[in-house]
Structure formats: C-alpha cells, structure tokens
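Following: one structure in structure tokens, then a few remarks.
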Amino acid sequence: METREEHPTGVENTGVIDMLAFDRAADEVLLVMREPRAWTGGDEQLLELQEKFNAYASFLLDGELVDSHPELAGKKARIELECGFMPGDQAVTLLNAIHDQLALQEIGMEVIVAGGDGCGTGCSCR
C-alpha cells in the first residue's frame, strides 16, 4: 500500500492511503480516505469504496502500518471517510456494513460530509 503524496488520492485510487496521521487527543492512528465525487449509486463507485476500505483494514491488520511506523504499534486505529457530498442510500447501507465489520476488529470508523455530520439518517458509522 502506497502512502506517498505524489500518488493520486481518493476512493477511486484504491491502492493509495490518502492520509495517515496520529490523533494525539484520541491517542489513535488515523487513516483518512477522500471521496470528492458525488455519490452516483453506481456499482463501480461502491466497489471502489469497498476495495479502499479493505485495503485500509489490511494495512492495519496485516502489519504494514507497524512495519513502516513501529512507534504506532499497539495504538487504536480509526478510518475516516471525508465526503464532498452526502452518500446515497446504497452507500449508507454499505458504510453501515463496513462499520460493523471494522468494529469487530476494534477499528473505529467515521464519515465526515463537507458541511455536515456523518452520512445522514440511518447511518451507524458515527
């Protein structure tokens, strides 16, 4: 998994971690993915979203994070999805399922919509 800034970021670039940071206040590793595109509800965008989350979870669970940043070993982790637009119903359903699966691995998840809070009614990801 690449973490360098010279690679294009966003959900459509599933092999790139958009941003990696450490949230000192929460004492947790923060991995951020960005989705600036409008939610079309199309299968391709939903598949990209699922693949991106799978790649981020793999980065955390398979030891790649600790290999590249040993100082972060044992820290809690959270994945944030920053959206430019409110996710549609299909995306919210997928995000809820992803949230539940990540919670089983003790990985937090948040969705942040530009100018909003979470991804709307019925969402459990916040």
Side-chain angles (χ1 to χ4, degrees):
M1 171 88 28
E2 296 289 333
T3 58
R4 297 185 195 103
E5 285 296 320
E6 65 262 14
H7 296 284
T9 61
V11 167
E12 65 189 319
N13 297 298
T14 59
V16 176
I17 291 180
D18 297 348
M19 187 177 85
L20 171 67
F22 184 72
D23 182 341
R24 291 190 197 287
D27 193 37
E28 64 187 5
V29 176
L30 175 63
L31 284 87
V32 177
M33 65 179 72
R34 297 185 175 101
E35 179 52 281
R37 301 175 295 177
W39 293 95
T40 64
D43 291 340
E44 183 176 344
Q45 187 178 27
L46 296 175
L47 180 60
E48 290 169 351
L49 180 66
Q50 184 174 4
E51 287 180 1
K52 186 91 166 186
F53 269 104
N54 286 341
Y56 275 44
S58 177
F59 181 76
L60 292 167
L61 297 171
D62 294 344
E64 290 179 72
L65 171 68
V66 174
D67 287 348
S68 58
H69 298 281
E71 71 279 9
L72 299 177
K75 298 292 184 185
K76 296 182 303 179
R78 181 176 82 238
I79 299 173
E80 283 186 2
L81 170 63
E82 294 179 350
C83 305
F85 300 89
M86 186 69 67
D89 291 344
Q90 290 178 306
V92 169
T93 299
L94 177 59
L95 290 166
N96 281 331
I98 291 169
H99 172 271
D100 293 348
Q101 288 300 310
L102 289 173
L104 294 173
Q105 300 296 325
E106 298 181 356
I107 299 171
M109 178 185 152
E110 289 186 45
V111 175
I112 300 170
V113 179
D117 184 29
C119 53
T121 305
C123 178
S124 67
C125 62
R126 201 147 182 182

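- A distance of 8.5 Å separates OG1 of Thr14 from CG of Leu47, quoted to the nearest 0.5 Å.
- To the nearest 0.5 Å, the span separating NE2 on His99 from CG on Leu81 amounts to 13.0 Å.
- To the nearest 0.5 Å, atoms CD (Glu28) and CZ (Arg78) are separated by 4.5 Å.
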Test log, rule side chain to side chain contact (heavy atoms under 4.5 Å, CB included), inputs Met19 and Thr9: CA-CA 9 Å; Met19 187 177 85; Thr9 61; over 6 Å; no
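- In this structure, Asp62 has no salt bridge (Lys or Arg N to Asp or Glu O under 4.0 Å) partners at least two apart in sequence or on a different chain.
- Rounding to the nearest 0.5 Å gives a distance of 13.5 Å between CG of Leu60 and NZ of Lys76.
- Within 6.0 Å of CG in Asp89 there are 12 or fewer heavy atoms belonging to other residues, nucleotides or ligands.
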Verdict with reasoning, Phe53 to Met109, per side chain to side chain contact (heavy atoms under 4.5 Å, CB included): CA-CA 10 Å; Phe53 269 104; Met109 178 185 152; 3.9 Å; yes
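- Contact record, Asp18 with Tyr56: N-OH, 2.8 Å, taken as the closest heavy-atom pair.
- When all heavy atoms of Glu35 and Val11 are compared, the pair lying nearest together is OE2-CB, 3.4 Å.
- Residues Ile79 and Ala57 approach most closely at CD1-N, 4.4 Å, considering heavy atoms.
- There is a path of hydrophobic side-chain contacts, each under 4.5 Å, that joins Leu31 to Leu61.
- Atom CG of Leu49 and atom CD of Glu12 lie 12.5 Å apart (nearest 0.5 Å).
- Nearest heavy-atom pair across Val113 and Pro87 is CG2-CD, 3.9 Å.
- For Asp27, the salt bridge (Lys or Arg N to Asp or Glu O under 4.0 Å) partners are Lys75, not counting sequence neighbours.
- Residue Glu106 qualifies as open at atom CD: its count of foreign heavy atoms under 6.0 Å is 12 or below.
- A 4.5 Å side-chain heavy-atom check between Val29 and His69 finds every atom pair outside the cut-off.
- Annotation: the span from Leu72 atom CG to Leu30 atom CG amounts to 11.5 Å, rounded to 0.5 Å.
- Around CG of Asp67, the count of heavy atoms belonging to other residues, nucleotides or ligands within 6.0 Å exceeds 12.
- The shortest heavy-atom contact between Ala91 and Trp39 is CB-CE3, 3.7 Å.
- Of all heavy-atom pairs between Leu94 and Leu46, the closest is CD2-O, 3.5 Å.
- Of the possible donor and acceptor atoms, one in the side chain of Gln45 sits under 3.5 Å from a partner among the backbone N and O of Thr40.
- Contact check for Val92 versus Val111: no side-chain heavy atoms found under the 4.5 Å cut-off.
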